[in-house]
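Sharing a structure, written as structure tokens. Questions coming.
Atoms considered below: every heavy atom in the structure, side chains included; atoms not considered: hydrogens, waters and symmetry mates. Just so we're clear, the structure is a prediction, and the values are computed from it rather than from any experiment.
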Amino acid sequence: MGEIRLPRHMFLWCMSAIYMFAFASLYVQIPGLYGNEGVLPARWQLRVSGKSVVEQLMDSPTLLWFGPRLGLDTQQCMELLSLTGALLSLMTMALPVLRDCRVFLVLWMLYLSLYQVGQVFLYFQWDNLLLETGFLAILIAPMKMPWSSKVRLHDNVSFWLARWLLFRLMFASGVVKLTSRCPTWWGLTALTYHYETQCIPTPLAWFAHQLPVWFQKLSVVGTFVIEIAIPFMFFSPIRRHRLIAFYMQVLLQVFIVLSGNYNFFNILTITLCLSLLDDQHVNFWLRRPTPKTESTSLQTLFSGLALMFEVSTYAVLGYWTVKYFELQLDWEKKSVSSKTAFTYFEFNGFLKTVTVPSIWIGVLSLTWEIISAMFKCACVRGVLWRLWSTIQWAVMAAATVSMFAISLVPYTYIEYDSHSNLWPGIRTAFEVTDRYQLVNSYGLFRRMTGVGGRPEVVIEGSMDRNTWTEIEFMYKPGNMSAAPPVVTPHQPRLDWQMWFAALGPHTQSPWFSSLLHRLLQGKRDVIRLIQTDESQYPFSKQPPAYLRAHRYKYWFSEPKEDGSYPQRWWRRVYVEEFYPMVHLGDSYLEQMLVQHGLKDKAPPRRSSNAWLPQLLRHVGEHAREIPAPLLLWTLFSSAATVCLLNSLRSRSHHQQHESLQNKHLDKQTAGRTRSNVAEEDEKKHEEEEKKDEKDDSEDGGKQQEEDAMSEEEQEGEIEEEEEENTEETEEDSLRKRK
């Protein structure tokens, strides 16, 4: 795995956005769901006792125990926690300095506190997934305040946990579809029912439902390949394997987002997919140049072998897909036929064979990351920096190994023998940490519901028991002419539970009796869960005197024979009575409330007139007037805009800094060139002077030689003359003697 600085930044930014979605979405629903006059008052979960705060926190780890110390009741304290989480995550999105491990620790504690009293409305798999991913964000995020360490060589180790969580999520989601023995998954016909039977479909789900059956079955085959086979490529040493796995996982999540409203779950899954990327690929997205290194002959050989292994992997994967799903291309019908070519017992044997090796694959991958980080720490310059980086590496490696170990308990739920062979110490550690939701088991869309038509509960109200009016919800199907909404990333939790309630008798959903009781009382906070605009609620002026509920079966409408679209999105058929007619003081309703412990035994605490409760009421009244999806996207857009402006500002500062550096370098180079030119001129001048001196010296020598020669010649002439004179004088003397 290469450098992961940019994917880590993207991961933390996305986690900030998801926290904001989760807190803000829950905040607008707290009074209706958990208020003193809500469907399931949260104060029932926090019974006052003589225990100390520490003992209360040990029983239920939630910050709501400190509410009375602030003069707040349970509802107001929940609003304070969710509002604080939304604002803090919003600031974390906008300001990079706040993406600190301690900030993510606060966000995790806030959401865990709400989860502890959330009851059935917060017991969804994506809430567990958010808590587990949020805890990993604490390990992945740096410590930036009040000072930041640039040496973070353990990032690959802690970031590996996000990849392991993604593997557990996707692999388990694919396995449970087959281990549940659901006939629609085994018959590859699940998607022919999924689009119209999911909780809150989108308008595109209607069009996806009209696709031919062979394409729907082929889509199920693709889902099995992406969820069961592809996750093993997460730990491949070949980089392109991880990139292909990333794009295939993101493609699946995008299709789910387009066809269904699953709040922040798909965004959170895509965020986990960022653990498969590296800086090089993110720079490729950003069109940033990457330095190219010269490859040696050995590297060329390894790259060739890796390419051969990569191609062979795709070939084997394609061969198994064709073999075990009997894919056949029909050119005449222009379709692809498919069916499951293996049995449940064969798949169970495959699962027993694969589960333990998948754990060892994770062990080898984690060991490689830990050893690589250790060698990086050993190469740090400076004794103190090397010691500090080694301490960080040791702490994070120990935390990562611990998280990996306890995650094996929920992961092996998919296979009994592997689970029973786990070391008992790991099970004990899991039981101790289970209340904090550090690790969880997953398995989405285990069984396909609504095969014979999607069941839907319709509540009706009346003033005289003769004229009945349907009470329409904002998001769930009811009115057959209303188009399916788009509410992502908001999760209307009451609408979701209405979908689960329709799958069985009302006795399996005790909260439904409380819902009818609050509607008969005309509680405004509960009515806002059904319709934010109270004018759309048929009994806004006066509560209904009588209520009842019927079960219907809904189907998507079919296109007309001429290919035109129908006027209605849905068609329905009456099935049976879901809840009998009741009124305030009705014996059956009172019996249900008492039986399920939903009857108020003590009056709620009076609201305080202090400044903090008044501020919370004022903010809540204005925030809940805005439709929740619009509120969430407005907050997101504002934070994203601030973040974009900050990035542009920092980029402009960076460019200015670079330009100043370039100018300074240009000046330095210009000065250097001038000095070099001057030095060269001086050298040339000196050389010329030396040459001139040499020439002068040579000329002087020649002249001296000539002068010497002339002097010698003159001396010779003088000597000759003297000799001649002497000779002449000698001759004269001889003559005189003679």
Side-chain angles (χ1 to χ4, degrees), residues 22-48 60 62-68 70-86 110-111 113-123 127 473-474 490-498 509-532 534 537 539-540 543 584 593 596-610 612-626 628 631:
F23 281 115
S25 175
L26 183 61
Y27 170 73
V28 297
Q29 303 177 76
I30 285 176
L33 295 177
Y34 305 112
N36 296 326
E37 296 178 344
V39 178
L40 293 177
R43 61 188 176 89
W44 296 346
Q45 302 296 313
L46 300 175
R47 298 296 183 183
V48 180
S60 179
T62 174
L63 298 176
L64 296 174
W65 292 114
F66 297 96
L70 300 175
L72 302 175
D73 58 18
T74 306
Q75 173 190 340
Q76 293 170 342
C77 193
M78 289 186 70
E79 292 178 348
L80 179 62
L81 294 184
S82 58
L83 189 61
T84 303
L110 292 174
Y111 202 79
S113 300
L114 298 171
Y115 176 85
Q116 294 296 327
V117 298
Q119 304 169 75
V120 69
F121 293 110
L122 265 173
Y123 292 167
D127 294 310
F473 285 67
M474 283 185 292
H490 172 58
Q491 183 185 358
R493 297 184 179 268
L494 180 60
D495 295 65
W496 268 87
Q497 286 300 328
M498 288 289 292
S509 304
W511 57 267
F512 192 82
S513 299
S514 179
L515 172 64
L516 296 183
H517 185 234
R518 297 304 187 190
L519 293 179
L520 288 171
Q521 292 176 335
K523 299 302 181 182
R524 187 182 177 191
D525 293 332
V526 178
I527 292 173
R528 282 185 171 180
L529 295 176
I530 299 175
Q531 289 290 341
T532 303
E534 295 183 26
Y537 184 68
F539 302 98
S540 57
L584 283 177
L593 294 175
H596 299 297
L598 301 174
K599 193 71 173 176
D600 287 329
K601 297 180 180 179
R605 180 182 177 182
R606 291 183 179 180
S607 59
S608 174
N609 292 325
L612 185 55
Q614 289 184 355
L615 178 62
L616 291 173
R617 284 194 294 268
H618 181 72
V619 173
E621 289 176 358
H622 288 80
R624 295 181 184 97
E625 292 177 355
I626 307 173
L631 176 64

Worksheet item: If only atom types and distance count, is the side chain of Arg518 paired as donor or acceptor with the main-chain N or O of Ser514 below 3.5 Å?
Response: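 Checking the backbone N and O of Ser514 against the side chain of Arg518, no donor-acceptor pair under 3.5 Å is found.
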Discussion item. What verdict does the side chain to side chain contact (heavy atoms under 4.5 Å, CB included) test give for Trp511 and Leu515, after you've listed the backbone C-alpha separation in whole Å, the side-chain angles of each residue and the deciding distance to 0.1 Å?
Written reply: CA-CA 6 Å; Trp511 57 267; Leu515 172 64; 4.0 Å; yes
Item to complete: Give a yes or no on whether the backbone of Val120 and the side-chain of Gln497 come within a donor-acceptor separation of less than 3.5 Å.
Response: yes
Discussion item. Are the side chains of Phe23 and Leu114 in contact, using a 4.5 Å heavy-atom criterion?
Written reply: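 With C-beta onward as the side chain, the pair touches.
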Worksheet item: Is there a donor-acceptor contact under 3.5 Å from the side chain of Thr62 to the main chain of Leu64?
Response: yes
Fill in: CD on Gln75 to CD1 on Ile30, rounded to 0.5 Å
8.0 Å
Practice prompt. Find out whether Pro31 and Arg624 are in side-chain contact, i.e. whether some heavy atom of one side chain is under 4.5 Å from a heavy atom of the other.
Written response: yes
Worksheet item: Hey, mind stepping through Val619 and Tyr27 against side chain to side chain contact (heavy atoms under 4.5 Å, CB included) and telling me if it holds?
Response: CA-CA 11 Å; Val619 173; Tyr27 170 73; 3.6 Å; yes
Item to complete: Step by step, work out the side chain to side chain contact (heavy atoms under 4.5 Å, CB included) result for Leu615 and Gln76.
Response: CA-CA 10 Å; Leu615 178 62; Gln76 293 170 342; over 6 Å; no
Discussion item. Less than 3.5 Å apart, any donor N or O on the side chain of Gln521 or His517 sitting next to an acceptor on the other?
Written reply: yes
Worksheet item: How many angstroms lie between CG in Asn36 and CG in Asp73, if you round to the nearest 0.5 Å?
Response: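 Asn36 CG to Asp73 CG: 5.0 Å, rounded to 0.5 Å.
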Item to complete: State, yes or no, whether a side-chain contact exists between Leu72 and Pro613 at a heavy-atom distance under 4.5 Å.
Response: yes
Discussion item. With a 4.5 Å cut-off on side-chain heavy atoms, are Val526 and Leu33 touching?
Written reply: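 In short, these two side chains do not touch, never coming nearer than 4.5 Å.
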Worksheet item: Would you say the side chain of Val117 lies within less than 4.5 Å of the side chain of Trp44, judging by non-hydrogen atoms?
Response: no
Discussion item. Taking the side chain as everything from C-beta on, heavy atoms only, tell me whether Val39 gets closer than 4.5 Å to Leu598.
Written reply: no
Discussion item. Could you check whether any side-chain N or O of Ser82 sits under 3.5 Å from a backbone N or O of Glu79, counting only pairs where one atom can act as donor and the other as acceptor?
Written reply: yes
Worksheet item: Charged N to carboxylate O under 4.0 angstrom, Glu621 versus Arg528?
Response: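 Between Arg528 and Glu621 there is no salt bridge, as every charged N stays at least 4.0 Å from the carboxylate O atoms.
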Item to complete: Would you tell me whether Gln119 and Gln45 have side-chain atoms, one donor and one acceptor, within less than 3.5 Å of each other?
Response: yes
Discussion item. Ignoring hydrogens, what is the shortest heavy-atom contact between Cys77 and Gly67? Give both atom names and the distance.
Written reply: SG-CA, 3.8 Å
Worksheet item: What about Phe121 and Trp496, are their ring centers closer than 6.0 Å?
Response: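 Not under 6.0 Å, so no.
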Fill in: Trp65 (side chain) donor-acceptor with Ser60 (main chain) under 3.5 angstrom
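Yes, because the side chain of Trp65 sits within donor-acceptor range (under 3.5 Å) of the backbone of Ser60.
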Worksheet entry | Gap separating the CE atom of Met78 from the CG atom of Leu83, nearest 0.5 angstrom |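 Reported to 0.5 Å precision, the distance equals 13.0 Å.
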Discussion item. Could you measure the distance from the CG atom of Leu26 to the CG atom of Leu122? Nearest 0.5 Å is fine.
Written reply: 5.5 Å
Worksheet item: Is the Lys NZ or Arg CZ of Arg43 less than 6.0 Å from the centre of Tyr34's six-membered ring, within 45° of the axis?
Response: no
Practice prompt. Rounded to the nearest 0.5 Å, what's the gap from CG on Leu81 to CG on Leu110? Could you check?
Written response: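 So the gap between those two atoms works out to 5.5 Å.
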Discussion item. Is any side-chain heavy atom of Ile626 closer than 4.5 Å to one of Val28?
Written reply: no
Fill in: Separation between CD of Gln29 and CG of Asp495, rounded to the nearest 0.5 Å
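Taking CD in Gln29 and CG in Asp495, the distance rounds to 8.5 Å.
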Item to complete: Using atom types as modelled and distance alone, determine if a side-chain donor or acceptor of Ser113 lies under 3.5 Å from a backbone N or O of Leu63.
Response: yes
Worksheet item: Hey, are the side chains of Leu529 and Lys523 touching, using non-hydrogen atoms and a 4.5 Å cut-off?
Response: no
